[in-house]
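Below, chains carry the letters A, B, ... as their sequence lines are ordered, and counting in each starts from 1. Just so we're clear, the structure is a prediction, and the values are computed from it rather than from any experiment.
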Number of protein chains: 2
Amino acid sequence: MSDLLERLRGRGWRMTAQRRVVAEVLDGDHVHLTADEVHARAVERLPEISRATVYNTLGEMVTLGEVLEVATDGRAKRYDPNAHRPHQHLVCARCGAIRDVHPAGDPLADLPVTERFGFTVSDVEVTYRGICPSCATTA
Amino acid sequence: MSDLLERLRGRGWRMTAQRRVVAEVLDGDHVHLTADEVHARAVERLPEISRATVYNTLGEMVTLGEVLEVATDGRAKRYDPNAHRPHQHLVCARCGAIRDVHPAGDPLADLPVTERFGFTVSDVEVTYRGICPSCATTA
DNA sequence: ATCCTACGATGGACTTTGTCTAAGTCAAGT
DNA sequence: ACTTGACTTAGACAAAGTCCATCGTAGGAT
């Protein structure tokens, strides 16, 4: 069931009720939750879980490469459990809705060596912005 | 001299000492400053300028399309005076240094209609990440 | 099964980044 | 120079996140 949980367990993670709940919340719906949203949902199952623990756990999962951090607006970071399939994000400029998208081509290859200034470029993050269908109809 | 200042004046902006200083600071070095860095530099020239004014002024310049907001990390937004030449950003994952870069091709065209989910896509933001030459040498 | 202990969790203080408001100030048109 | 509405100010407030001292417990050792 919880694929994410299995992967974490396989890495020798010490399993606690708190970590299990955070992993389950993240892996549940495939939406992109903020840390506070994760905390809110975790509290429903484990009322005494603290914010610090949620932040710590999310941070560890990011370090382990099992979860991605996405900063689509200047506000709270969002956490994306879909770390093992490369993808980009499409964000509604009005309501903030986020969809995973898969552009054609490799954006990394589009950056010529002359435009790399000696950097060792290892990653590229692409954020498309627009208006989603439901925001478009409600004027 | 201050191209940015000229453009703002041409739009009927009420010119004040504070706005002039903010525009000059931004247009001076072509680095990507945070709001607080802008404030720190502005204070050197106009000691009584307040943080709120810097935030207001930057926000207005963004609304007018004369300055771009870039959120390369989850931290403070940075302000980019180079709004009239389309470009993307290359960020050092270690020290946070930012360079403007010009990828080949149009990233917007790389998103097939089938991957747009009914969104009206109007903009794309690309952030390349890597290690800059000076961080690479200092282990 | 029980004990130990290092790792994890807790909550509250603290920091950073940004917004808001009420009151004072000033640029620019008349 | 006067007037007025736009601009600025200081400080309170808010949101997002980090830090720390202390307490609790998972899981190996016995």
Side-chain angles (χ1 to χ4, degrees), chain A residues 5 8-26 32-64 66-80 96 98, chain B residues 5 8-26 32-64 66-80 96 98:
Chain A
L5 204 51
L8 293 171
R9 197 195 303 273
R11 287 176 183 242
W13 241 33
R14 185 157 150 181
M15 191 49 57
T16 67
Q18 291 83 350
R19 286 176 169 187
R20 187 179 356 262
V21 166
V22 170
E24 284 172 0
V25 164
L26 253 195
H32 302 75
L33 301 171
T34 64
D36 269 347
E37 287 165 353
V38 171
H39 180 239
R41 298 194 183 198
V43 162
E44 292 172 11
R45 305 199 199 183
L46 193 62
E48 63 278 17
I49 192 171
S50 74
R51 274 177 6 105
T53 295
V54 171
Y55 276 102
N56 289 341
T57 305
L58 289 172
E60 285 156 19
M61 294 195 298
V62 170
T63 299
L64 290 174
E66 295 294 343
V67 162
L68 291 179
E69 246 177 24
V70 283
T72 53
D73 49 1
R75 314 285 301 174
K77 292 174 196 158
R78 294 178 173 275
Y79 293 88
D80 183 346
I98 303 180
Chain B
L5 203 51
L8 292 171
R9 196 195 304 273
R11 287 178 184 240
W13 243 32
R14 183 156 152 184
M15 191 49 56
T16 67
Q18 292 82 351
R19 288 175 168 188
R20 188 182 351 264
V21 165
V22 170
E24 285 173 358
V25 164
L26 252 196
H32 302 73
L33 301 171
T34 65
D36 268 346
E37 286 166 352
V38 171
H39 180 239
R41 297 194 184 199
V43 162
E44 292 173 11
R45 304 199 201 185
L46 192 65
E48 64 277 17
I49 192 172
S50 75
R51 275 179 1 106
T53 296
V54 170
Y55 276 100
N56 288 342
T57 305
L58 289 172
E60 287 157 17
M61 294 194 298
V62 169
T63 299
L64 290 175
E66 295 294 343
V67 162
L68 290 180
E69 246 177 24
V70 283
T72 53
D73 49 3
R75 315 281 301 171
K77 291 175 197 158
R78 294 179 174 276
Y79 292 88
D80 184 345
I98 303 179

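Heavy atoms only, all atoms of each residue included: B/Thr34 and B/Glu37 are closest at N-OE1, 2.9 Å. Nearest approach of B/His39 to B/Val54, heavy atoms of both residues: CD2-CG2, 3.7 Å. The two residues A/Thr72 and A/Arg78 make their nearest non-hydrogen contact at OG1-CD, 4.4 Å. Of all non-hydrogen atoms in A/Ala35 and A/Tyr55, the two that sit nearest each other are CB-CE2, 3.6 Å.
With rounding to whole Å, A/Leu8 atom CG is found 15 Å from C/dG8 atom C1'. To the nearest angstrom, P of D/dG17 lies 13 Å from CG of A/Asn56. Distance CZ (B/Arg19) to C1' (D/dT9): 14 Å, rounded to an integer number of Å. Here C/dG8 presents its C1' atom at 19 Å from CZ of A/Arg11, a figure rounded to the nearest Å. As a whole-Å value, the separation of B/Ile49 CD1 from D/dA10 P is 10 Å. In this structure, CZ of B/Arg20 is placed 14 Å from C1' of C/dA28, rounded to the nearest angstrom. In this structure, the CD atom of B/Glu37 is 11 Å from the P atom of C/dG18, given to the nearest Å. The separation between B/His39 atom NE2 and C/dG18 atom P is 13 Å, rounded to whole Å.
Within residues 40-48 of chain A, no residue places a heavy atom under 4.0 Å from DNA chain D.
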Produce the list of close N/O pairs, under 3.5 Å, pairing protein atoms with atoms of nucleotides 1-4 of chain C; give distances to one decimal.
none

What N/O pairs connect the protein and nucleotides 28-30 of chain D at under 3.5 Å? Give each pair on its own line.
none

When you compare the protein's N or O atoms with those of nucleotides 12-16 of chain D, which come within less than 3.5 Å of each other, and at what distance?
from   : atom 1 : to      : atom 2 : distance (Å)
D/dA15 : O3'    : A/Arg75 : NH2    : 3.4

Got a list of protein N/O to nucleotides 25-27 of chain D N/O distances below 3.5 Å?
from   : atom 1 : to      : atom 2 : distance (Å)
D/dT25 : O2     : A/Arg14 : NH2    : 3.0
D/dA26 : O4'    : A/Arg14 : NE     : 3.3
D/dA26 : O3'    : A/Met15 : O      : 3.2
D/dG27 : OP1    : A/Met15 : N      : 2.9

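Within the 3.5 Å criterion, the main-chain N or O of A/Leu8 finds no donor-acceptor partner in the side chain of A/Arg19.
Atom-to-atom distance recorded for B/Glu69:CD and B/Thr63:OG1 is 8.5 Å, nearest 0.5 angstrom. Note that the CE atom of B/Met61 and the CZ atom of B/Arg11 stand 12.0 Å from one another [nearest 0.5 Å]. In this structure, A/Glu66 CD and A/Glu60 CD are separated by 12.5 Å, a value rounded to the nearest 0.5 Å. Atom OG1 of B/Thr16 is separated from atom CG of B/Leu46 by 8.5 Å, given to the nearest 0.5 angstrom. The CD1 atom of B/Ile49 sits 14.0 Å away from the CZ atom of B/Arg41 when rounded to the nearest 0.5 Å.
Contact check for A/Tyr79 versus A/Val25: no side-chain heavy atoms found under the 4.5 Å cut-off. For the pair A/Leu58 and A/Lys77, the minimum side-chain heavy-atom distance is 4.5 Å or more.
For C/dT25, neither phosphate oxygen OP1 nor OP2 lies less than 4.0 angstrom from any side-chain nitrogen or oxygen of B/Gln18.
The nearest heavy atom of DNA chain D to B/Thr53 and to A/Thr34 marks one nucleotide each, and the one closer to the 5' end goes with B/Thr53.
For A/Arg20, there are no salt bridge (Lys or Arg N to Asp or Glu O under 4.0 Å) partners at least two apart in sequence or on another chain.
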